[in-house]
Amino acid sequence: MITTLNHRERATLRAVAGGHAEISCSCEPDLFIDGLSCCDQSTVHRLARLGLIAPAQPGKCGERVPALLTEAGSRALDEVLAVAA
């Protein structure tokens, strides 16, 4: 699967992959990078809907938990890096 990602989406995936992100447990999650709210929630919602990012553990509705890069997210990020090389 090749997913076209814009610059913000790639940067967000890199932050999640680097362990810098928390995500709220919600159907439309919020993302926090280094403790600060991500200002582009439409990017976060798209990445979550595409299954590229997800909560690392279950939580109560609205609770912040570590965010993780899913297998699909890792593949998408690897594809972007391979094209850039």
Handout entry: Student check: side-chain heavy atoms of Lys60 and Cys25 closer than 4.5 Å
Key = no
Problem - Note, Leu52 side chain near Leu13 side chain (heavy atom, < 4.5 Å) - result: yes
Shortest non-hydrogen contact between [X] and [Y], atoms and distance:
| X | Y | value |
| --- | --- | --- |
| Gly59 | Glu63 | CA-OE1, 3.3 Å |
| Pro29 | Ile23 | CB-CG1, 3.5 Å |
| Leu31 | Ala21 | CD1-CB, 4.0 Å |

Practice task
Please say whether more than 12 non-hydrogen atoms of neighbouring residues, nucleotides or ligands are located less than 6.0 Å from CD in Glu71.
Solution key: no
Practice task
Verify the cluster assignment for Ile33 and Val44: are they in a single hydrophobic cluster under the rule of side-chain heavy atoms below 4.5 Å apart?
Solution key: yes
Practice task
Is it possible for you to say whether Phe32 and Leu68 belong to one hydrophobic cluster, with membership spreading through side-chain heavy-atom contacts below 4.5 Å?
Solution key: no
Exercise for the section: Report the C-alpha distance between Arg49 and Glu28 in whole Å, list the side-chain angles of each, state the deciding distance to 0.1 Å, and finish with yes or no for salt bridge (charged side-chain N to carboxylate O under 4.0 Å, His left out). Expected result: CA-CA 9 Å; Arg49 279 192 300 271; Glu28 291 289 339; 3.5 Å; yes
Working to the nearest 0.5 angstrom, can you tell me the gap between [X] [atom1] and [Y] [atom2]?
| X | Y | atom1 | atom2 | value |
| --- | --- | --- | --- | --- |
| Leu77 | Glu9 | CG | CD | 11.5 Å |
| His20 | Thr12 | NE2 | OG1 | 12.5 Å |
| Glu22 | Leu36 | CD | CG | 10.5 Å |

Practice task
Check each of Leu5, Val16, Thr70 against Leu47 using the side-chain contact (heavy atoms from CB on, under 4.5 Å) test, and report the only one that passes.
Solution key: Leu5
Exercise for the section: Look only at the side chain of Ser24 and the backbone of Asp30, and say whether a donor-acceptor pair between them is shorter than 3.5 Å. Expected result: yes
Fill in the blank from the handout: Between Asp40 and the options His45, Arg8, Arg46, the side chain to side chain donor-acceptor pair (under 3.5 Å) test singles out Arg8
